[in-house]
Amino acid sequence: MNIPNTTTLPCQVGIIRHDWTVEQVGQIYHMPLLELVYMAATVHRLYHDPQEIQICTLLSVKTGGCPEDCAYCSQAARYHTPVQAHKLLDIDTVLAYAQQAKANGSTRFCMGAAWRQVRNNRDFDKIIEMVKAITAMGMEVCCTLGMLTAQQAERLSQAGLYAYNHNLDTSQSYYDHIVTTHTYQDRLQTIENVRKAKISVCSGGIIGMGESHEDRISLLHTLATLPEHPESVPVNALVPIEGTPLANQPRVSVWDMVRMIATARILMPRAMVRLSAGRINMTEPEQALCFMAGANSIFAGDKLLTTPNPEIDADKALFQHLNLKPRPAFKQTR
Ligand code: SAM
Ligand code: DTB
Ligand code: SF4
């Protein structure tokens with residue numbers, strides 16, 4: 001595609017490609033910011049209705065006590081964080097949250113559990129029941145439960161699970177600065193298991209963990225060169241958590257969020273790009289710039305998993321000011 005008035009790139013944009021080179025990703029990522037936003041906005045309009053934003057709600061169905069050492073996470077048992085741990089919530093409680101999320105306009109409900117991996121036990125049986133019941137309510141159901149085997153992915157798929165979130169989080173080479181209790185290859189394997197079970201893949205990352213621009217470029221390159229692009233790509237700004245190794249990281253600049261979102265949009269044109277953690281610290285115009293750069297999904301509700309998120313009323317005002325409308329559930333991207 002030729003986009004007028006943009007920096008000429010020695011590569012094609014606007015088409016679905018899986019053969020991006022790291023150099024090409026770097027060239028896009030480092031474009032002059034407004035040129036980058038313009039290119040991303042143009043690609044966005046080829047594949048999506050730019051007025052539509054997907055509204056998702058998160059619920060932590062099992063909080064804290066996780067054996068892993070992810071340096072950003074409030075739920076890792078080894079760090080002394082302010083999070084109150086709890087066992088798996090019962091089905092009725094979760095269904096009540098899902099009903100409320102639907103009533104507030106969410107079309108996707110994402111359940112998170114602080115597990116290293118799923119085990120074939122009663123808790124997994126309960127999750128399966130939750131997936132069935134929330135799917136029957138007409139919502140897209142997503143889970144993020146840690147590592148999955150191919151058989152477990154298949155079981156979730158049979159229950160109607162629409163999407164599975166499993167983030168790569170950062171570059172392969174920076175990963176062991178952040179996590180040592182599982183590997184990047186483990187993450188890729190779970191994503192492959194999810195893909196094989198015909199569940200939609202949600203995978204993205206976090207910025208602000210001390211990584212370099214090259215690490216961010218490498219993360220985007222890995223995602224954009226998977227055999228199939230993830231259907232959704234969450235871009236999280238680190239929420240620094242007291243007690244974790246990353247507690248004192250400086251706040252991510254909005255320009256970095258915009259650059260990350262715009263590059264993801266150009267590399268993976270069909271994906272839903274989610275402006276995820278970090279909205280609580282952003283003004284309306286800053287969020288608008290992220291939407292302009294190709295973000296078309298958010299988490300709504302006053303809590304993410306364990307940290308605060310903008311109030312429903314603030315988001316309603318944002319949608320009104322920008323004339324945005326919620327994207328219907330199960331809509332296929334063109
Ligand atoms: N245990 C599962 C796993 O590791 O995939 C699911 C839950 S985990 C909390 C889901 C994702 O939330 C992480 O991969 C990370 O991208 C994001 N996340 C967690 N804590 C965060 C934080 N403090 N700031 C930004 N993103 C965070
Ligand atoms: C994702 O990429 N971000 C969400 C969701 N997937 C599971 C989680 C953000 C968590 C932010 C920190 C917290 O609330 O604990
Ligand atoms: Fe947190 Fe998930 Fe890592 Fe556990 S595996 S510490 S819940 S990010």
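Whatever order the structure lists them in is the order used to number ligands and atoms, beginning at 1.
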Visitor: State, to 0.1 Å, how close L305 and G112 come at their nearest heavy-atom pair, and which atoms those are.
Guide: CD2-CA, 4.2 Å
Visitor: Does a donor on one side chain sit under 3.5 Å from an acceptor on the other, for N104 and Q100?
Guide: no
Visitor: Do D125 and R155 sit within salt-bridge range, that is, some charged N less than 4.0 Å from a carboxylate O?
Guide: yes
Visitor: When you measure from the heavy atoms of F299 to every atom of ligand 2, does any distance fall below 4.0 Å?
Guide: yes
Visitor: Between ligand 2 and Q75, is the shortest N or O to N or O distance under 3.5 Å?
Guide: no
Visitor: Report the nearest protein non-hydrogen atom to atom 21 (C) of ligand 1: residue, atom name, distance rounded to 0.1 Å.
Guide: Y72 CD1, 3.7 Å
Visitor: Looking only at protein heavy atoms, which one is nearest to atom 26 (N) of ligand 1, and how far off is it?
Guide: I206 CD1, 3.6 Å
Visitor: What is the ring orientation for Y175 with Y184, classed by angle as parallel under 30°, tilted 30 to 60°, or perpendicular over 60°?
Guide: perpendicular
Visitor: In ligand 2, which numbered atoms sit nearer than 4.0 Å to a non-hydrogen atom of P234?
Guide: 2 (O)
Visitor: Going by distance alone, is a donor N or O of one side chain under 3.5 Å from an acceptor N or O of the other, for E154 and Q158?
Guide: yes
Visitor: Please verify whether a non-hydrogen atom of A237 lies at under 4.0 Å from ligand 1.
Guide: yes
Visitor: Among all the protein's non-hydrogen atoms, which is closest to atom 15 (O) of ligand 2, and how far away is it?
Guide: T306 OG1, 2.5 Å
Visitor: Below 4.0 angstrom from a heavy atom of L58, which ligand 2 atoms are there? Numbered from 1 as shown, please.
Guide: 4 (C), 5 (C), 7 (C), 8 (C)
Visitor: With a 4.0 Å cut-off, would you call D49 and K325 a salt bridge?
Guide: yes
Visitor: Are any of the N/O atoms in V239 less than 3.5 Å from those in ligand 1?
Guide: yes
Visitor: Using a 4.0 Å heavy-atom cut-off, which part of D169 comes near ligand 1: side chain, backbone, both, or neither?
Guide: side chain
Visitor: Going by an N to O cut-off under 4.0 Å, is there a salt bridge joining D315 and R279?
Guide: yes
Visitor: In terms of side-chain heavy atoms, does E52 have a donor or acceptor partner in N296 at a distance below 3.5 Å?
Guide: no
Visitor: Can you see which heavy atom on A224 is nearest to which on H229, and at what distance?
Guide: O-NE2, 3.0 Å
Visitor: Is any side-chain heavy atom of T149 closer than 4.5 Å to one of Q117?
Guide: no
Visitor: Side chains of F124 and R119: closer than 4.5 Å at any heavy-atom pair?
Guide: no
Visitor: If you measure every N/O of N165 against every N/O of ligand 1, is any gap under 3.5 Å?
Guide: no
Visitor: Check each heavy atom of N167 against ligand 2 and say whether those closer than 4.0 Å belong to the side chain, the backbone, both or neither.
Guide: side chain
Visitor: Closer than 4.0 Å to some heavy atom of L305 - which atoms of ligand 1 meet that?
Guide: 9 (C)
Visitor: Keeping to distances under 2.8 Å, can you name the protein N/O/S atoms close to atom 4 (Fe) of ligand 3?
Guide: C66 SG
Visitor: Considering the heavy atoms of W115, write down every atom of ligand 1 situated less than 4.0 Å from one of them.
Guide: 1 (N)
Visitor: Should R270 and E231 count as an ion pair when the cut-off is N to O under 4.0 Å?
Guide: no
Visitor: Say you draw a straight line from CZ of R78 to OG1 of T81; how long is it, rounded to the nearest 0.5 Å?
Guide: 13.0 Å
Visitor: Which heavy atom of the protein is the closest neighbour of atom 12 (C) of ligand 2, given with residue, atom name and distance?
Guide: T307 OG1, 3.6 Å
Visitor: Do the ring planes of H177 and Y174 sit parallel (below 30°), tilted (30 to 60°) or perpendicular (above 60°)?
Guide: parallel
Visitor: With atom 3 (C) of ligand 1 as the reference point, say which of M111, Q75, R116, R187 has the nearest heavy atom.
Guide: R187
Visitor: Examine R274 relative to F299 and say whether NZ or CZ is less than 6.0 Å from the centre of the six-membered ring and inside a 45° cone about the ring axis.
Guide: yes
Visitor: Closer than 4.0 Å and a protein heavy atom, does any atom meet both conditions relative to atom 2 (Fe) of ligand 3?
Guide: no
Visitor: When you look for heavy atoms under 4.0 Å from ligand 1, do you find them on the side chain of T144, its backbone, both, or neither?
Guide: both
Visitor: For ligand 2, is G112 a contact, meaning one of its heavy atoms is under 4.0 Å away?
Guide: no
Visitor: Around atom 11 (C) of ligand 1, find the nearest protein heavy atom and jot down its residue, atom name and distance.
Guide: N167 ND2, 3.8 Å
Visitor: At under 4.0 Å between heavy atoms, is it the side chain or the backbone of I241 that contacts ligand 1, or both, or neither?
Guide: side chain
Visitor: Is a side-chain donor or acceptor of R327 paired with a backbone partner of K331 at a separation under 3.5 angstrom?
Guide: yes
Visitor: Could you check whether any heavy atom of A113 sits closer than 4.0 Å to an atom of ligand 1, since that is the contact criterion I want to use?
Guide: yes
Visitor: Transitive ILVMFWY cluster of V239 at side-chain heavy atoms under 4.5 Å: who else is in it?
Guide: I241
Visitor: Could you list which atoms of ligand 2 come closer than 4.0 Å to a heavy atom of N165?
Guide: 6 (N), 7 (C)
Visitor: Is it true that V233 and I206 fall in one hydrophobic cluster, defined by side-chain heavy atoms closer than 4.5 Å?
Guide: yes
Visitor: Quick test: of every protein heavy atom, which one is nearest to atom 9 (C) of ligand 2, and how far off is it to 0.1 Å?
Guide: N236 OD1, 3.9 Å
Visitor: For the CZ atom on R45, are there more than 12 heavy atoms of other groups (residues, nucleotides or ligands in this structure) within a distance under 6.0 Å?
Guide: yes
Visitor: If you measure from each heavy atom of G146 to ligand 1, is any distance below 4.0 Å?
Guide: yes
Visitor: Of all the non-hydrogen atoms in the protein, which one sits nearest to atom 8 (S) of ligand 3, and at what distance?
Guide: Y72 OH, 3.3 Å
Visitor: Could you verify whether a donor N or O on one side chain and an acceptor N or O on the other, from T170 and D215, lie under 3.5 Å apart?
Guide: no
Visitor: Report, in ascending order of atom number, the atoms of ligand 2 lying under 4.0 Å from any heavy atom of S74.
Guide: 15 (O)
Visitor: Of all the non-hydrogen atoms in the protein, which one sits nearest to atom 10 (C) of ligand 2, and at what distance?
Guide: L305 CD1, 4.2 Å
